[in-house]
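Okay, so here's the structure we're looking at.
Please read these numbers as outputs of a predicted model, since none were measured by experiment. So that the names make sense, note that chain A is the first sequence line, chain B the second, and so on, each numbered from 1.
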Amino acid sequence: MPNFHVERLLEAASQIILGKGHELRLAFACLIARGHLLIEDVPGVGKTTLAHTLAQLTGLQLQRVQFTSDLLPADILGASIFDRDTNAFRFHPGPVFAQVVLADEINRATPKTQSALLEAMEERQITADGHSFELPEPFFVIATQNPAHQIGTFPLPESQLDRFLLRIRLGYPDPMAERALLMGEDRRSVLERRTPVIGPAELMGLQRAAQALHVADRLIDYVQALLSATRHDAELATGLSPRAGLGLLSAARAWALIDGRDHVLPEDVQTLFPHVAAHRLHLAGDARPVPATTLARLIQSVALP
Amino acid sequence: MIGGWLKQRAARRRPASAGSALDRRQGAWLLGAAALTMAPHASWLPPWISGLCAALLAWRGLLLWHGRQAPSPWLLLALTAAAAAGVRAEFGHFFGKDPGVALLALLLGLKLLEIRAARDARAAVMLCFFLQLAIFFEDQSFPVAALALSASLLGLAALVAQADPNGRSGEHLRVAGTLMAQGLPFMLILFVLFPRIDGPLWGLPADAFSARTGLSESMSPGSISALSQSGEIAFRASFAGEVPARRQRYWRGPVLTRFDGRTWQAEHAQEAAAPFHAADGKRIDYTLTLEAHGKRWLLALDFPGATGAALRHTSDFQLLAPRPVRSRVQHELSAHPAAVAGLAETAATLAAARRLPPGFNPRTQALAARLAADAESHEQILQRAVSHLRDAGLLYTLRPPLLGRDSVDEFLFGSRRGFCEHFASAFTVLMRAAGVPARVVTGYQGGEINPVDGNLVVRQLDAHAWSEVWLAGRGWVRVDPTYLAAPRRIDDGLAAALPAGEALPFTLRAQHDWLRNMRLRWEALSNAWNQRVLGYNPERQRALLSRLGLAPGDAWRLAGMLAAAIGVPFLCLLLWAGRRRRSTDPLDRAWQALSTKLAARGLARQPWEGPHDYTQRVASAIPELAAAVRAIGVDYASLRYGPHSDGARLAALRKKIDALRLP
């Protein structure tokens with residue numbers, strides 16, 4: 001029995017983003033698992049629209065930051081400015097103080113600026129002038145990234161990629177969807193007319209429900225076996241970290257919740273595994289990103305316990 | 001230069017070994033295995049080597065206990081060189097069994113000190129296994145085999161502990177035990193079927209010539225009483241029927257005819273494949289298991305009957321093996337106690353049996369002359385001699401006084417104290433002096449029946465000497481002069497005949513009954529071991545194989561049988577292991593049953609395939625079953641991965657899977 005809220009969310013979203021049901025599910029799963037999402041693709045396939053859709057349908061406020069090579073950390077986090085009235089410095093929060101932050105083309109900024117955002121993502125708070133400022137809850141970062149080989153990019157270091165729970169690619173729409181897209185009206189104006197399907201409170205309820213989902217011992221064994229397989233594979237430079245393992249499990253829980261189940265199946269883990277592992281693993285030798293075929297082979301090399 | 005290389009090596013190996021160096025428990029297993037392996041060697045290695053090995057083990061134990069690093073490679077190198085030099089000095093060379101084993105034992109101790117990485121520990125265990133094999137060069141008895149087996153068990157446990165450093169110690173031992181138990185059937189098959197070579201199972205040619213206690217071809221005062229201190233087993237006999245009475249159990253060894261005044265020696269006797277006497281009358285069948293004594297003679301019960309072609313009979317009624325007995329042998333023999341032997345003895349033999357060295361024992365000569373005076377026959381002389389000796393007040397003792405030149409005179413008229421060789425010697429000399437052909441027979445008398453397995457055990461202390469007198473019309477007649485003075489020696493055995501306070505092997509003393517009892521049980525066990533394990537020689541293997549329908553020398557069939565005998569149990573073990581893995585969980589079994597059923601359509605579950613994906617695949621391949629299979633998949637998934645387990649739902653699932661029929 002699919003979850004009622006999730007069902008409506010997915011239906012509404014698929015009216016805006018056409019022909020991308022699976023990617024939408026993954027994006028929602030990432031949101032429900034309280035992870036951050038990395039979308040990697042060429043410009044113009046609807047990355048930004050997807051971010052807008054997620055925020056709009058869940059009633060979350062969205063801030064968009066366009067990353068450029070001259071963007072500074074303070075431009076994201078905020079700055080303390082002297083206030084004449086009170087005769088004191090006052091902290092002016094930056095765009096990161098939003099429930100959904102869309103970091104567009106994150107790999108165009110310098111590593112310093114990238115890391116300012118990524119630290120905020122991990123800590124869910126920022127510190128300025130000796131004061132800590134809590135970020136809003138829920139807090140969800142969607143970063144889009146151009147493929148690394150494009151000119152003028154600073155590829156994200158591995159340690160920071162690890163902070164994104166899932167990485168998805170949107171890809172070109174299939175011909176039917178593309179035709180509908182071309183014939184229909186602009187997606188943004190459709191989106192602006194849309195009222196939220198659920199509110200932040202319901203979203204947080206979903207997040208809690210996913211966290212509480214049952215995971216059998218056999219499934220833990222399976223996740224462990226998968227992690228171990230990545231660590232002992234000759235083709236890979238390094239294996240998945242325990243954080244990646246935790247992330248894989250919570251993403252699988254969210255996936256099961258979206259599917260309306262009260263338990264997690266190995267298939268959930270297998271579906272999420274490429275999206276959890278792809279941006280974290282590199283091939284041994286030339287450190288190229290790991291191809292999808294290698295990930296599929298890894299899954300097929302691990303028998304279900 | 002070597003030092004630098006060693007340091008480099010050590011430095012290279014140390015970081016890698018950080019996780020796999022010897023931990024305390026693994027070290028304890030390893031030390032235990034090494035100690036058990038070396039313990040039996042200690043009894044034959046030179047004392048300094050045993051001591052050094054023990055010291056090395058203790059050192060390693062201390063290092064382990066205090067968690068310290070292994071000593072420096074320089075020190076170990078110096079120690080190794082010194083140990084090798086010591087072995088060289090002790091044995092004079094490095095070749096051969098003894099220096100080899102000594103060197104290996106020392107190297108094992110040093111290797112234990114040198115352990116820095118996992119592979120060093122493995123090498124040490126392998127060295128232990130090899131030294132365990134080397135134990136059998138020296139001793140193949142049952143307790144030593146048990147010891148070697150326990151040492152192997154500990155060595156395996158050390159390997160298991162290395163593979164599983166976090167497991168419990170009991171678990172290590174259990175796994176090692178299981179491994180050993182799995183190896184057992186293969187060991188048995190190889191033991192029974194692997195082609196045997198002639199010769200003792202473990203012996204090397206050099207072993208065969210080592211000195212052994214036992215009878216010899218000559219007898220002088222004191223030579224047999226020396227044997228009475230040895231509880232060592234000379235031979236065993238198991239009788240087909242009733243065991244003959246103790247008084248009849250005379251086991252004939254060397255027959256001594258030539259006397260030089262002090263020492264009796266054997267005369268050359270003729271050999272033939274058949275007995276020289278008419279083997280008739282009552283017949284006793286028995287199996288003789290003779291311990292190695294390095295001589296050709298067998299100890300046969302008087303008088304031996306016809307035997308197989310390999311054995312030889314002598315003209316003085318001994319039984320000889322074709323070659324000196326250098327390992328334990330077994331023969332099926334028979335005896336004819338009532339047979340008359342030597343009726344038609346040659347004049348030369350009889351003359352030899354009357355010859356005395358001149359100028360010895362004048363008083364005995366005089367006594368003989370008195371006994372022989374106006375005697376009508378040799379029988380009469382014999383009667384008179386017997387009654388004279390019976391009344392002479394002679395005393396049977398293990399500690400007779402030393403005798404001088406005229407030993408018989410001194411015994412008969414002076415000390416009057418003697419052991420069986422004194423009695424036999426004196427009586428034979430007396431008979432010869434009186435003109436009656438007589439000779440000394442050595443061998444064993446009596447023996448003891450082990451109530452545990454019913455076998456007769458004859459020990460060195462049962463060694464005995466008696467006389468044979470030749471009477472016209474009766475042939476050689478046995479006369480046991482010891483019986484005249486100490487009838488209990490013959491009726492009840494040595495221990496009963498000796499005066500109180502005489503030295504006897506500890507376990508044979510009558511007052512230690514419980515000890516005797518334990519000894520008897522133990523000997524029955526080691527006899528079974530000897531018969532079944534060590535006595536399994538090429539002949540018995542051939543006999544067994546021909547009973548299995550294999551002609552001797554049928555190498556191909558034997559190889560095939562060996563392969564089958566190894567392969568079939570291995571396959572069974574494999575199947576058993578596979579079955580066991582499947583059958584751990586009823587839910588798994590049911591799920592496996594579905595896959596097995598669908599495998600007929602090439603739709604077996606892939607090992608990595610989850611329930612949903614699998615049933616989905618089946619559903620699209622066999623649309624008729626789609627609904628049913630999908631339902632099964634959902635049920636299984638929620639039972640396997642869901643929060644609640646439920647016996648009723650499990651039964652329902654099993655029923656659904658059973659009910660599934662392929663269209």
What part of B:Arg640 is in contact with chain A, defined as an atom under 4.5 angstrom from a non-hydrogen atom: side chain, backbone, both or neither? both

Please find the pair of heavy atoms, one from B:Ala637 and one from A:Leu265, that lie closest to each other, and give the distance. CB-CD2, 3.4 Å

Donor-acceptor pair, A:Gln300 side chain versus B:Gln606 backbone, under 3.5 Å? no

Atom OH of residue position A:Tyr172 - does it have more than 12 heavy atoms of other residues, nucleotides or ligands inside 6.0 Å? no

Option in A:Leu213, A:Asp217, A:Asp262 with maximal non-hydrogen atom pairs under 4.5 Å from chain B: A:Asp262

Say you draw a straight line from CD of B:Glu609 to CD1 of A:Ile299; how long is it, rounded to the nearest 0.5 Å? 12.0 Å

Evaluate whether atom CD of A:Glu11 has more than 12 neighbouring non-hydrogen atoms of other residues, nucleotides or ligands under 6.0 angstrom away. no

With a 6.0 Å cut-off (strictly less than), is the heavy-atom count around CZ of A:Arg179, excluding the residue itself, greater than 12? no

For atom NE2 of A:His36, decide whether the heavy atoms of other residues, nucleotides or ligands shown that lie under 6.0 angstrom number more than 12. yes

Say you draw a straight line from NE2 of B:His612 to CG of A:Asp259; how long is it, rounded to the nearest 0.5 Å? 6.5 Å

Using the rule side chain to side chain contact (heavy atoms under 4.5 Å, CB included), only one of A:Arg261, A:Arg218, A:Glu267 pairs with B:Tyr641; which is it? A:Arg218

Taking atom NE2 of B:His644 as the centre, does the number of heavy atoms from other residues, nucleotides or ligands within less than 6.0 Å exceed 12? no

Might you point out which heavy atoms bring B:Gly642 and A:His263 nearest each other, and give the distance in Å? CA-CB, 3.5 Å

